[in-house]
**Student:** 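Structure provided below as structure tokens; questions to follow.
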Amino acid sequence: MPSSTIVLEVLDGPAAGRVFRYRGQDTFLLGRSDVAQLRLLEDAHLSRNHFRIELDPPHCVVEDLASANGTFVNGERVMRRILMNGDTISGGQTRILVRIEVQPDSDFELSQAQYSVSLAQTASMFALPKLIEGWQLLDQIGQGSSGTVHRAIHSESGQVAAVKMIALHDLDENARRAFLREATVLKTLNHKRIVRYLDAGCSEQFLYLAMEYVPEVQLDELLKQSTISSRIRIACGLIRQILDGLQYVHDQGVVHRDIKPRNILVSRHDQGLKAKLADFGLAKCFKTAGQSGVTCDHEVKGTLSYMAPEQLAASVRATPRSDIFSVGASLYSMLTFCSIYDSSNAPIDQIVQQGPVPILRRMPDCPPDLATIVMRALAFDPAERFESAEQMRDALAPCAGR
């Protein structure tokens, strides 16, 4: 077997520059207590025991320890998450980069696909099947907090799909609801800007959801390599496509509640780019908000850096204009490569009080008209945002060269 090393490099915070290396089973604890491997008394935003990373190279899992201000992986608040090479973990003022270094033996080479599958096996304690209800699983293409996504091919039709799987062993009530909600919502939607539902069911020890497969491009790299004018045109064009799909979703009485760049799938098509909206695990019917029992009052669901203030207060309050805020935050991120907030791991009350950083401070060359559109979408008061996805789409047309 190959030897592996997990490297934890502190990028930001009081301990910036420190590096921790692990070649065997161990535990890394961040906090203010005297048992923490990284003890930071000067960081008031840290809890005594903030988060713990369980390490067994090449595998590692981070777990939030009921911290007051939360633990974040790649800007998304998590309770527990399998870590991948290149992930960043944030707690308080500290941000840590995870590097997983695998040195293959001369007779053994560990591919990324094999490594990803082995991570999922470690998390669920079940070996992944090669075939699930007629779908032959190929390489893993995604990893979430409660499951994995695989490229798959249907044994009879030859259709290629993205199959999301979650082990029954790992299911809690919230995960079960989210999985079933996504399958139920997707089955009712039919739009070219929404990933298409194909199949869903239960097989062996797994729930599965088969969706349209989108051969994604590395959008971040494409945008970073573009000139400012090209970046603006590409980002605004893709967001207009998403707003087209989002208007359809809202017309069906559904609010997405988790729009962010990760859930915008971009592919090449006839020398151009196509965008589709994915991941409806947090979607709900806003017309019957508070009646389904799915989301409790004061419960927060979504990704902090892209959530509207009213959704931060309680997810049950999310409306179509909350999705408009998330679209604005996604466009802001695509244009600036930054979060809308000074710190994605700041306390929630501080985020609500201070609000987004004006985009012109991050991107001085942003055209004034575009800056106005972005900041209108990010208005604290929902009534001051765009009235609809269609209205924002029309406003962005000149910026997309339309």
Side-chain angles (χ1 to χ4, degrees), residues 9-13 16 43 45 69-78 86-98 217-240 242-243 258-264 266 275 302-309 311-312 322-380 385 392 396 399-400:
E9 180 182 352
V10 184
L11 301 178
D12 300 313
D43 188 348
H45 297 313
N69 293 316
T71 296
F72 300 80
V73 175
N74 303 327
E76 179 179 355
R77 189 166 187 165
V78 302
D87 282 346
T88 58
I89 317 164
S90 301
Q93 299 171 355
T94 297
R95 187 165 64 98
I96 299 173
L97 171 68
V98 179
V217 300
Q218 295 298 316
L219 183 60
D220 261 5
E221 292 304 314
L222 177 63
L223 292 174
K224 287 176 181 176
Q225 293 169 8
S226 302
T227 63
I228 291 178
S229 59
S230 294
R231 188 198 319 163
I232 290 172
R233 179 179 53 79
I234 293 169
C236 291
L238 293 172
I239 288 296
R240 291 187 77 242
I242 291 302
L243 287 164
D258 198 21
I259 297 172
K260 55 189 176 184
R262 183 194 291 185
N263 291 336
I264 297 173
V266 178
T303 304
L304 186 61
S305 298
Y306 300 95
M307 289 168 65
Q311 190 175 343
L312 280 169
S322 305
D323 280 347
I324 295 295
F325 184 100
S326 299
V327 171
S330 298
L331 178 55
Y332 184 113
S333 174
M334 292 164 68
L335 292 171
T336 66
F337 312 110
C338 297
S339 164
I340 61 175
Y341 300 117
D342 271 328
S343 175
S344 63
N345 60 342
I348 290 178
D349 57 349
Q350 179 181 327
I351 286 176
V352 173
Q353 290 170 10
Q354 294 183 354
V357 176
I359 191 170
L360 287 172
R361 194 182 303 170
R362 305 272 203 211
M363 186 183 180
D365 294 330
C366 181
D369 288 349
L370 177 55
T372 299
I373 292 170
V374 172
M375 298 313 295
R376 179 180 175 184
L378 295 175
F380 180 89
R385 298 174 201 153
M392 183 176 177
L396 283 170
C399 305

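The figures that follow rest on heavy atoms only: side chains count, while hydrogens, waters and symmetry mates do not.
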**Student:** Please give me the minimum heavy-atom distance between Gly328 and Leu378, naming the atom from each residue.
**Tutor:**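 Smallest heavy-atom distance, with atoms named: C-CD2, 3.8 Å.
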**Student:** Working to the nearest 0.5 angstrom, can you tell me the gap between Thr88 OG1 and Asn74 CG?
**Tutor:**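 The CG atom of Asn74 is 4.5 Å from OG1 of Thr88, to the nearest 0.5 Å.
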**Student:** What are the two closest heavy atoms between Met375 and Pro356, and how far apart are they?
**Tutor:**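 Minimum heavy-atom contact is CE-CB, 4.3 Å.
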**Student:** Measure from the side-chain N and O atoms of Arg362 to the backbone N and O of Ser339, and report whether any donor-acceptor pair falls under 3.5 Å.
**Tutor:**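 Pair found, side chain donor or acceptor close to backbone of Ser339.
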**Student:** Side chain to side chain contact (heavy atoms under 4.5 Å, CB included) for Leu238 and Leu219? Distances and angles first, verdict last.
**Tutor:** CA-CA 10 Å; Leu238 293 172; Leu219 183 60; 3.7 Å; yes
**Student:** Please report the interatomic distance CG(Asp323) to CD1(Ile259), rounded to the nearest 0.5 Å.
**Tutor:**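 With rounding to 0.5 Å, CG (Asp323) is 4.0 Å from CD1 (Ile259).
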**Student:** Looking at Ser226, is its backbone amide N or carbonyl O close enough to the side chain of Arg231 to form a donor-acceptor pair, meaning the two atoms are under 3.5 Å apart?
**Tutor:**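 No; zero donor-acceptor contacts below 3.5 Å.
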**Student:** Between the main-chain N or O of Asp258 and the side-chain N or O of Ser326, is there a donor-acceptor pair closer than 3.5 Å?
**Tutor:**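 Absent.
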**Student:** Please tell me if the side chains of Tyr306 and Ser333 come closer than 4.5 Å, counting only heavy atoms from C-beta onward.
**Tutor:**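 Side-chain contact under 4.5 Å: yes.
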**Student:** Quick one: does Leu335's side chain get under 4.5 Å of Leu370's, heavy atoms only?
**Tutor:**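 A side-chain contact under 4.5 Å exists here.
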**Student:** At their closest point, which heavy atom of Pro261 faces which heavy atom of Ser330, and how far apart are they?
**Tutor:**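 Taking every non-hydrogen atom into account, CD-OG, 3.6 Å.
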**Student:** With a 3.5 Å distance limit and no angle check, can you tell me whether Asp12 reaches the backbone of Thr94 through a side-chain donor-acceptor pair?
**Tutor:**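 Side chain of Asp12 to backbone of Thr94: no pair is present.
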**Student:** Between Val73 and Val98, is the side chain to side chain contact (heavy atoms under 4.5 Å, CB included) condition met? List the steps.
**Tutor:** CA-CA 10 Å; Val73 175; Val98 179; over 6 Å; no
**Student:** Taking the side chain as every heavy atom from C-beta outward, state whether Leu243 and Leu396 have any atom pair closer than 4.5 Å.
**Tutor:**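 Counting from C-beta outward, Leu243 and Leu396 do come under 4.5 Å.
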**Student:** Kindly determine whether Val266 and Leu222 satisfy side chain to side chain contact (heavy atoms under 4.5 Å, CB included), including the steps that lead there.
**Tutor:** CA-CA 11 Å; Val266 178; Leu222 177 63; over 6 Å; no
**Student:** With side chains defined as the heavy atoms from C-beta onward, is the minimum distance between Ile228 and Met363 less than 4.5 Å?
**Tutor:**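 Result yes, sub-4.5 Å side-chain heavy-atom pair found.
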**Student:** Has Arg95 got a side-chain atom pairing as donor or acceptor with Ser90's backbone, closer than 3.5 angstrom?
**Tutor:**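 Side chain of Arg95 to backbone of Ser90: no pair is present.
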**Student:** Report yes or no: does Arg240 contribute a side-chain atom to a donor-acceptor pair with the main-chain N or O of Met392 at less than 3.5 Å?
**Tutor:**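 A pair under 3.5 Å: no.
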**Student:** How long is the span from the CD1 atom in Ile232 to the OG1 atom in Thr227, to the nearest 0.5 Å?
**Tutor:**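 Reported value, rounded in 0.5 Å steps: 8.5 Å.
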**Student:** Locate the shortest heavy-atom distance separating Asp220 from Phe337; write the atom from each residue and the value.
**Tutor:**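 Taking every non-hydrogen atom into account, O-CE2, 4.2 Å.
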**Student:** Report yes if the side chains of Phe325 and Gln311 come closer than 4.5 Å at any heavy-atom pair, otherwise no.
**Tutor:**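 The answer is no; the side chains never approach within 4.5 Å.
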**Student:** Testing the basics here: between Cys399 and Ile373, what is the closest heavy-atom pair and its distance to 0.1 Å?
**Tutor:**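 So the two residues come closest at SG-CD1, 4.3 Å.
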**Student:** Where is the tightest heavy-atom contact between Ala275 and Ile242, given as atom of each residue plus distance?
**Tutor:**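 Answer, listing the atom of Ala275 first, then Ile242: CB-CD1, 3.9 Å.
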**Student:** Show the numbers, then the answer: is there a side chain to side chain contact (heavy atoms under 4.5 Å, CB included) between Thr336 and Val357?
**Tutor:** CA-CA 11 Å; Thr336 66; Val357 176; over 6 Å; no
